[in-house]
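Written out below as structure tokens is the structure these notes cover.
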Amino acid sequence: MSLNLDRPAWKRVALRELVRHVTDRVDPETSGLERFLAGEHIPSGELAISTWGVIGEDPIGPMFYKRFKPGHVLYVSRRTYLRKVAVPDFEGITGEKTFVLETLDPHVLLQGFLPFVLSAERFHAYAIANSRGSVNPYLNWGELLAYEFDLPPLEEQKRLADLLWTIEAELRATEDLASSLRAARGRLVDAFLKRPEYEVEPIDRVVEFLRDGPFGSKIKSEHYADAGVRVLRLQDVQRGYVSDEDIAYLDESHVVRELERYRVAEGDVVIAGLGDERHPVGRASLAGRVAGAVHKADVFRARVKQDRVLPEFFVNVLNAELARPRVAALSQGTTRLRINTSNLKKVALPWPPVADQGALLSAAGEFDDGIELISARMASAAAVRATLRNEIFGGGR
């Protein structure tokens with residue numbers, strides 16, 4: 001796709017000439033507002049917001065006092081490598097470390113174009129390079145204002161913003177459809193598992209073994225390498241799949257010497273022993289394509305008794321909503337729940353006959369096929385978005 005950009009008409013500008021920081025200070029308790037946004041509510045790499053905290057119900061920190069309105073651009077200045085830029089469609093409150101931005105003059109910079117300036121990879125590279133601090137790096141206000149880029153004329157901004165927002169709408173619609181299918185699939189699985197004829201037994205009865213990964217000095221920073229044997233960390237284990245978003249490797253010679261017993265095999269199931277609000281403890285996935293990898297501590301490896309339960313069905317049961325409170329009841333912690341292998345083995349869940357398990361997997365597979373098609377459509381739209389952003393704003397510093 002060619003955008004026919006009229007580059008000679010673009011003007012090099014700095015953000016200090018174009019934006020202001022909205023610092024409308026309010027008291028959450030008396031503001032009359034219902035929602036607040038913390039860092040965890042703002043997604044990485046996506047402009048749309050789908051989660052939030054409720055004032056008066058959810059814990060809110062003392063430094064949450066900045067009012068934002070629909071259309072404002074929110075930029076999370078802490079941990080800039082997370083690339084958190086969003087545009088709310090509701091009014092609420094956010095914390096001091098989130099910049100609330102609006103254009104100084106909409107006849108120079110369109111408010112609808114600003115989010116794409118700040119979500120371009122070129123800006124993120126600048127923000128990361130100019131962040132301060134090591135443990136929790138941040139971009140200060142002065143450094144943000146110093147960012148320079150080439151600004152198109154107003155009419156071209158409108159044309160480009162309309163195109164980019166159309167892609168955002170397509171991505172949001174397809175994600176909503178995928179979410180609906182996932183929810184329907186979940187209801188199917190839960191209804192199946194609640195049949196009264198199915199016997200409920202602890203996990204210990206249906207597994208050959210359930211083991212944690214190595215603790216202590218078995219895996220240290222010096223054991224990591226640019227290539228070698230993949231290591232499965234907590235963030236890699238998602239509900240029903242292993243994420244490839246940030247792959248890490250261990251030196252193969254160290255694995256051979258010290259970690260062979262922690263390799264996962266083709267039919268194994270990997271389980272997260274630690275969870276949070278968005279990533280539940282006990283979530284599971286088939287090892288499958290990552291067979292041969294080593295699992296770390298807090299990533300459990302299970303091998304099921306296949307005359308009692310199919311590995312894929314075992315994953316579906318652990319990821320079912322029905323399992324969530326049962327796992328949580330044997331976990332420790334408040335904001336982050338942790339379970340050990342001994343307690344996970346005690347979790348009692350329904351285990352139908354293997355023939356019935358196959359029937360459920362077949363029915364759930366119909367939903368999985370639809371979700372896979374939608375995911376492919378989303379990936380295609382995201383690739384187009386990345387290409388257009390790169391053509392408009394450039395990919396590097």
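Scope of the values below: all heavy atoms of this structure, side chains included, with no hydrogens, waters or symmetry mates.
The aromatic rings of F192 and Y198 sit tilted, their planes meeting at an angle between 30° and 60°. The aromatic rings of H254 and H223 sit parallel to each other, their planes meeting at less than 30°, with 60° as the upper class boundary.
One finds the OG atom of S362 at 13.5 Å from the CD atom of Q357 (value rounded to the nearest 0.5 Å). Distance CG/L164 to CD1/I167: 5.5 Å, rounded to 0.5 Å. R211 CZ to R301 CZ: the interatomic distance, rounded to the nearest 0.5 Å, is 5.5 Å. Remark: S31 OG to R67 CZ distance equals 6.5 Å, nearest 0.5 Å. Interatomic distance, CG of L171 versus OG of S380, reported as 9.5 Å (0.5 Å rounding). Here the NZ atom belonging to K66 is positioned 9.0 Å from the CG atom belonging to L74, to the nearest 0.5 angstrom.
Looking only at side-chain heavy atoms (C-beta outward), Y224 and I219 come within less than 4.5 Å of each other. The side-chain heavy atoms of L18 and D105, taken from C-beta on, include no pair separated by under 4.5 Å. Side-chain contact check for V255 versus R263: some heavy-atom pair is nearer than 4.5 Å. No side-chain heavy atom of V87 sits under 4.5 Å from any side-chain heavy atom of H72.
H41 and F36 have their aromatic ring centers within a separation under 6.0 angstrom.
For the salt bridge (Lys or Arg N to Asp or Glu O under 4.0 Å) with R385, the lone residue among E46, E391, E170 that qualifies is E46. The residue from Y147, F393, F116 that alone fulfils the ring pair (Phe, Tyr, Trp, His ring centres under 6.0 Å) condition with F123 is Y147. Considering V327, V206, L193, I203 in turn, I203 is the only one that fulfils the side chain to side chain contact (heavy atoms under 4.5 Å, CB included) rule with L349.
Y138 carries R78 over the face of its six-membered ring, with the cationic atom under 6.0 Å from the centre and within 45° of the normal. Annotation: cation-pi pair R12/F149 absent, no NZ/CZ under 6.0 Å from the ring centroid and within 45° of its normal. Y65 carries R25 over the face of its six-membered ring, with the cationic atom under 6.0 Å from the centre and within 45° of the normal.
Side-chain N or O atoms of D251 include none that pairs as donor or acceptor with a backbone N or O of A225 at under 3.5 Å.
Counted by atom type alone, N316 and R185 present one or more donor-acceptor pairs between their side chains at under 3.5 Å.
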Exercise for the section: Starting from the C-alpha separation in whole Å, work towards a yes-or-no answer on salt bridge (Lys or Arg N to Asp or Glu O under 4.0 Å) for E201 and R308. Expected result: CA-CA 11 Å; E201 292 184 276; R308 292 292 316 276; 2.5 Å; yes

Exercise for the section: Apply side chain to side chain contact (heavy atoms under 4.5 Å, CB included) to R20 and L101, showing your working. Expected result: CA-CA 6 Å; R20 76 180 187 96; L101 304 173; over 6 Å; no

Practice task
For R79 and E40, run salt bridge (Lys or Arg N to Asp or Glu O under 4.0 Å): C-alpha distance rounded to whole Å, both residues' side-chain angles, the deciding distance at 0.1 Å, then the answer.
Solution key: CA-CA 12 Å; R79 295 190 292 171; E40 63 265 25; over 6 Å; no

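Comment: R83 engages E121 in a salt bridge, judged by a side-chain N to carboxylate O separation of less than 4.0 angstrom.
Within the structure, every pair that satisfies the ring-ring contact (aromatic ring centres under 6.0 Å, His included) test and touches residues 310-329, not counting sequence neighbours, is listed here: F314-W351.
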